[in-house]
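Down below is the structure, laid out as structure tokens.
FYI, side chains are in, hydrogens and waters are out, and symmetry mates aren't considered; it's all heavy atoms of this structure. Numbers here simply count residues along the sequence, with the first being 1.
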Amino acid sequence: MPQRTLTLSEAYQVAELQAAKLIECLGITGPAVDVARLTELPKIEVRMEPRHRMPSLAGFSQWADGRWLIVVNRDGPTGRRRFTLAHEFKHVLDHPSYKVAYKHLGRGDQTKHDQQIELVCNYFAACFLMPRTWVKRAYASGIQDEEALAGLFKVSVEAMHNRLIFLGLIGDDRRPIADYFRADGRLTSARTVAA
């Protein structure tokens, strides 16, 4: 993580580089990333909690007792749990420098600032679980069905759909046509750039 303020675009670039470097450092080969390797890292404890203890959360991370605690909702689907673990790990990676790196995100709007950090963490998770080159290679080899790709990468169909859109391999037929012409650049569809 650079020790300077990042633009949102730069934060996305750094997230993708971090994801690629993490895959390399952990010696992970695809196509389904062994996300469980994150649970073996020093000073990381991953705990699963039932939905009734965290009904509105997929997961969270916090520093406690000399180690990082990542808590994941155990009752979510496998793809969601995997994505959540990767997302929360990005918060851990960023912690030493997030106050500097993300200082100007949201341009003074705290809610927007927090949302943009969450989008960056989602993007990291997408890049970690569905690396650009691996997805493109699978797609070019003829695996173009979203469900088949999601199964191959062990992610949700929605996450794979969004990744395929982001990579430009498919169009977003669900996006309202007016979104392409908005002056403020906001999207009205539920889709996020990162997931």
Side-chain angles (χ1 to χ4, degrees), residues 1-2 6-38 58-59 76-94 101-102 105 112 115-182 184-195:
M1 177 68 81
L6 301 175
T7 65
L8 184 58
S9 177
E10 289 172 327
Y12 281 125
Q13 292 171 359
V14 168
E16 188 159 8
L17 290 172
Q18 287 174 321
K21 189 65 173 175
L22 182 60
I23 288 168
E24 178 186 329
C25 288
L26 294 176
I28 295 173
T29 58
V33 169
D34 183 7
V35 73
R37 296 287 306 277
L38 298 178
T78 302
R80 176 66 182 243
R81 289 192 308 263
R82 289 167 48 80
F83 198 92
T84 298
L85 179 56
H87 171 105
E88 293 302 329
F89 188 76
K90 173 65 168 154
H91 284 298
V92 171
L93 282 178
D94 288 351
Y102 297 151
L105 294 186
K112 188 174 181 181
Q115 289 171 340
Q116 288 180 341
I117 290 173
E118 292 302 306
L119 289 174
V120 170
C121 291
N122 281 347
Y123 186 69
F124 170 86
C127 293
F128 182 63
L129 296 173
M130 301 168 280
R132 178 184 303 264
T133 54
W134 297 5
V135 173
K136 286 185 172 185
R137 186 179 310 122
Y139 196 86
S141 75
I143 306 170
Q144 298 180 356
D145 177 75
E146 290 177 16
E147 287 186 35
L149 285 166
L152 184 65
F153 286 88
K154 306 293 187 244
V155 296
S156 70
V157 174
E158 181 180 6
M160 181 54 71
H161 176 81
N162 290 336
R163 188 69 170 144
L164 292 172
I165 290 169
F166 184 82
L167 295 175
L169 296 172
I170 64 171
D172 187 358
D173 297 335
R174 298 180 298 181
R175 185 174 174 188
I177 194 73
D179 279 358
Y180 291 97
F181 304 102
R182 294 195 188 283
D184 62 5
R186 68 184 168 85
L187 300 177
T188 58
S189 62
R191 182 182 69 82
T192 62
V193 162

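Here the CG-CZ distance, from Leu26 to Arg37, works out to 5.0 Å after rounding to the nearest 0.5 Å. Put simply, CG on Asn122 and CD1 on Ile117 are 12.5 Å apart, with the number rounded to the nearest 0.5 Å. To the nearest 0.5 Å, the span separating CG on Leu8 from CD on Gln13 amounts to 10.5 Å.
For the pair Tyr102 and Met1, the minimum side-chain heavy-atom distance is below 4.5 Å. Looking only at side-chain heavy atoms (C-beta outward), Leu38 and Leu22 come within less than 4.5 Å of each other. No side-chain heavy atom of Ile28 sits under 4.5 Å from any side-chain heavy atom of Val35. Between Leu119 and Tyr12 the shortest side-chain heavy-atom distance falls below 4.5 Å. A 4.5 Å side-chain heavy-atom check between Arg163 and Cys127 finds at least one atom pair inside the cut-off.
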Could you tabulate the donor-acceptor pairs under 3.5 Å formed by side-chain atoms of residues 133-143, not counting sequence neighbours?
from	atom 1	to	atom 2	distance (Å)
Tyr139	OH	Leu169	O	3.3
Ser141	OG	Ala138	O	2.7

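Summarising the geometry of Phe83 relative to Ala126, their closest heavy-atom pair is CE1-N, 3.7 Å, with the distance given to 0.1 Å. In terms of heavy atoms, Ala32 sits closest to Arg82 at C-NH2, 4.3 Å. Among all heavy-atom pairs drawn from Phe124 and Ala15, the shortest one is CD1-O, 3.4 Å. Taking all atoms of both residues into account, the shortest heavy-atom contact from Ala86 to Phe128 is CB-CD2, 3.9 Å. The minimum heavy-atom distance between Leu105 and Leu6, with the atom names listed, is CD2-O, 4.0 Å.
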Side chain to side chain contact (heavy atoms under 4.5 Å, CB included) evaluation trace for Glu118 with His87: CA-CA 8 Å; Glu118 292 302 306; His87 171 105; 2.8 Å; yes
Under the side chain to side chain contact (heavy atoms under 4.5 Å, CB included) criterion, do Met160 and Leu152 qualify, and how do the steps go? CA-CA 10 Å; Met160 181 54 71; Leu152 184 65; over 6 Å; no
Could you walk me through whether Glu88 and Cys121 pass side chain to side chain contact (heavy atoms under 4.5 Å, CB included), step by step? CA-CA 7 Å; Glu88 293 302 329; Cys121 291; over 6 Å; no
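Remark: Arg81 engages Thr78 in a side-chain hydrogen bond (donor to acceptor under 3.5 Å, both in side chains) (not counting sequence neighbours). Residues forming a side-chain contact (heavy atoms from CB on, under 4.5 Å) with Glu146 (at least two apart in sequence, or on another chain): Val157, His161, Leu164, Ile170.
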